[in-house]
Every structure is written in C-alpha cells, then in structure tokens.
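Written out below as structure tokens is the structure these notes cover.
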Protein chains: 2
Amino acid sequence: MFVTYGMEAVLTRKEQIEKTATALFKSKGYAATSMRDLANALGIEAASIYSHIRSKEEILQRVCFKMADEFFDALDAAESMESTATVRLQRAIAAHVQVLTQNTEASAVFLHEWRHLSEPLHSNFLALRDKYEARFREIIHEGIQRGEFTVPDEKFAVLTILSALNWIHTWYKPEGKMTPTEIAENLSEMLLNGLRS
Amino acid sequence: MFVTYGMEAVLTRKEQIEKTATALFKSKGYAATSMRDLANALGIEAASIYSHIRSKEEILQRVCFKMADEFFDALDAAESMESTATVRLQRAIAAHVQVLTQNTEASAVFLHEWRHLSEPLHSNFLALRDKYEARFREIIHEGIQRGEFTVPDEKFAVLTILSALNWIHTWYKPEGKMTPTEIAENLSEMLLNGLRS
DNA sequence: TAAATTTGCTAACGAACGTTAGGTTGTGTA
DNA sequence: TACACAACCTAACGTTCGTTAGCAAATTTA
C-alpha cells in the first residue's frame, strides 16, 4: 500500500483525493466545488471517488480536524519550555506561522470552510478553536500580570493577533522573499513593538 | 415609492431583498445560499424575487461594489486633512473600522464572497481592492521616510494591519462593551505601539 | 495459482438549483 | 373610471448536484 521511491513518499489514493480536494476548496470554496470538479481534477469519474470516501463532507471533516491537530501539536511544542510571556508568545506565533505556511491550502480550508460542517462536527470544531484561542489568551493574561504587556482587553488582543496571522495563507508562497521564520519574526516584532520607531 | 414614517426610512422592496440576502450570504456563504432560501427568509416564492432583480449574482455585485464605495469614501474623508503619517494612519484605521462596524453583514460579504463574482466583475473588484491597499501603503511609505515608522516591508505591514482590522466583523456587536471608536483606538494603539508596556 | 483488495467504469436515482413564462391581484395615478 | 404598475403567484424548464448500484479490470496478498 505504501511505497517509497528514494526520498519521495507516495500518497495513498485517498490522500491524493484529499489533497486535490483541499486545493479546490481553497480556490473555489467547499460549496462551489462539485464532486465532478474534483473528479475532473483527478482525471476520473465522480462516482469513482466513492470507492475511497464516504461523502464529500468526510473530506472537509478530515482536513479541518487534521489541521486542528497540527495547530495544537505545534502550540504544545512551543509551550513546552518555560519562559517569559513575551518569549512564549513569540514561540506560539512562530509555531502558528509554521503550520500556516507549511500547508497554505489546508490552512485556508481550516480557516474558512469549517462552517460547512454539519452538526455535531460544527460544534466540535468551534469548541476546539475556542480552546486554541484560550491558550493564547492565557499567555497574554500572564504577560499582563507580569507587567510585560499593556493591553486594554485580553480577548480583543488575542483575536487581533490571530487575525493578523491568519491572513498569511492568502499571499504566502514558498518561493517568496521571506522565509516562514522571517515572517514570524516580523509579525512578532510588529505585534509586540508596533510600527513606531 | 419612498415613504418616511417619523425617523424610520422605509426600504424599497429591492433594498429589502438585498439586505436579507446579505445576511444570508454572511451566515451561510453565497454559494450555499439558494434563491429558495432567500425567498423563504422574505416570506415569498423564489420566482417572485425576479420581479425585482435580474439574477442572484446581481445582488452579490451590488453589495460588493457598494461596500467598496463606502470604504473609499471613508478613506477619502480620513485623508482630507494633512497631518503626520501616524495621525493619518490612525484616521484611516478609524474610518475603516467605522465602515466595518456600521454594516457587519455587508462587510463580511465584501471581504469573503467577492470571489464568486464572474468576470469581468471579479477582476474589477480585485483592482479596486489593490487601489485601496495602495492608499494604506502610501501612508506607511511616508511614515517610514519621515522616520515615524520602522517596518521591514511596506506591503507586509499593510496586509498585517488590514487583516487585523478585517476580523472585527466576526465578533463585533453594536450592544457590545466597546464602541467602534474605542475599537479603532485600541487597534491603533496595538498596531502602532504593540503589546509591550 | 487462487483469493482478496484496490481502483475504476457506466448508468441512473431523486433532489435541488437558477431562472423563465404567463397570469392574478391590489394600489396609486391620469 | 380606466390604466399602469408593483408585487407576487403557480407551473415548469433544463441543468447540476451528491450519491448508489452493479460490474470489470488490475494489482496485491496468501
């Protein structure tokens, strides 16, 4: 089932379908992407896809929750070392940017297409997102208590930080002039110290 | 056709349709909102809508370009007075936030649903967006030259600022504890001076 | 070599889609 | 009073949608 040619991992057919679907979901949106569009991109008939997946929504579900896992894993790693709130926030930002830039297409789906999930997946997803935001809120909270940050509202600050980060997937390209690490550094700099000289 | 009861302006049927459609487009997305959904929300039959509009896309087009006008008008007013780059940026941010908060539903459509426009509307819209971003870029550029700002990349800074602003529509509610003016002030503070104490 | 699995096909289903045609009703205007 | 028009209706169109049934070929596993 799994074969490896040299360094290149070969995807299962199901993974190929998910990858192709993810690209379409990013560029056209989930609702505007038909199973026939997906089949066409894969070079097969729409009905053939159902040899590998149960439904269209299963693809969306897998992409959304797989990315949620990735974001949590990255944040776990970033928070594994004790440090000041400033450094922890910098690490959390860097981790978030890494996940975003390493898979811009799945990130776009994760950020925008989750609302097409039906219940109870929809609620489960939102609960995960809340938990993720709460982790950032905790860092900000600690930073305020330690006197590192001055912020009018914790929740407001977190939403502003995350929304500044979550635009990256629309313009980031691996061949661009900024590396993911540089993007993270610049964002940390802007968010922590502002534009002012 | 137009009647006014006291202080309350009565909308034409076409405006009612657009308003209802905008709300649905925000909550479900353009592609996932059917004409029958819209008709149902209006309490009429789907076919009846075509007495007032030419097509589903006409609604999207009108909302997108009307909001583009609003953003440009607000920015024009914000930039009408000469001042330092810092003050001009603060005013531009405040103007943008005002438009966003005064019509969160149309803003959401403007920000997310434009990609369902067909050509040549799609290209026209993107050209307008570029022009809008360029206005912000010019402020940042001037701020750097005057020594007011220190920024690694102008375009990067503008995208980060706008993406931080453009999340507001997802959580802003008129009855919330922050007024649009306070939101704008807090955002200016965060973006210009950062989180750091 | 036989069996099981993977991968794909054609044909078709019922439902939902945007939209059109043609008609009815009520309301304000000439 | 006659007329225009706005607002909405029913019925239906052609198309596209996600999905299922049933089958065939190729490939992998036992």
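The analysis underlying the following values was restricted to heavy atoms, covering all of them including side chains, and did not include hydrogens, waters or symmetry mates. By convention in this document, chain letters (A, B, ...) are assigned in the order of the sequence lines, proteins followed by strands, and residues within each chain are numbered from 1. Bear in mind that the values here come from a model prediction, so they are computed numbers and not experimental data.
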key: All salt bridge (charged side-chain N to carboxylate O under 4.0 Å, His left out) counterparts of Arg36(B), not counting sequence neighbours   =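 With sequence neighbours excluded, Arg36(B) shows a salt bridge (charged side-chain N to carboxylate O under 4.0 Å, His left out) to no residue whatsoever.
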query = Which one of Phe25(A), Phe71(A), Tyr30(A) satisfies the ring pair (Phe, Tyr, Trp, His ring centres under 6.0 Å) criterion with Phe110(A)?
reply =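 Running ring pair (Phe, Tyr, Trp, His ring centres under 6.0 Å) over Phe25(A), Phe71(A), Tyr30(A) with Phe110(A) returns exactly one hit, Phe71(A).
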What is the separation between atom [atom1] on [X] and atom [atom2] on [N], rounded to the nearest whole Å?
| X | N | atom1 | atom2 | result |
| --- | --- | --- | --- | --- |
| Leu42(A) | dT6(C) | CG | P | 18 Å |
| Leu11(A) | dT6(C) | CG | C1' | 16 Å |
| Leu38(A) | dT16(D) | CG | P | 18 Å |
| Gln16(B) | dC8(D) | CD | C1' | 14 Å |
| Glu45(A) | dT19(D) | CD | C1' | 14 Å |
| Arg13(B) | dC8(D) | CZ | C1' | 9 Å |
| Ile53(A) | dT20(D) | CD1 | P | 10 Å |
| Ile44(B) | dC8(D) | CD1 | P | 5 Å |

message = Base contacts versus sugar-phosphate-only contacts with protein, heavy atoms under 4.0 Å: please encode nucleotides 11-24 of chain C as B, S and - from 5' to 3'.
response = BB----BBBB----
key: Centroid-centroid under 6.0 Å between Tyr132(A) and His96(A) rings   =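 Between His96(A) and Tyr132(A), which both carry aromatic rings, the centre distance is below 6.0 Å.
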So does [X] pair up with [Y], basic N to acidic O under 4.0 Å?
| X | Y | result |
| --- | --- | --- |
| Lys19(B) | Glu15(B) | no |
| Glu142(B) | Arg88(B) | yes |
| Arg91(B) | Glu79(B) | no |

message = Please determine whether a side-chain nitrogen or oxygen atom of His52(A) lies at a distance below 4.0 Å from atom OP1 or OP2 of dT7(C).
response =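 The answer is yes; a side-chain N or O of His52(A) sits under 4.0 Å from OP1 or OP2.
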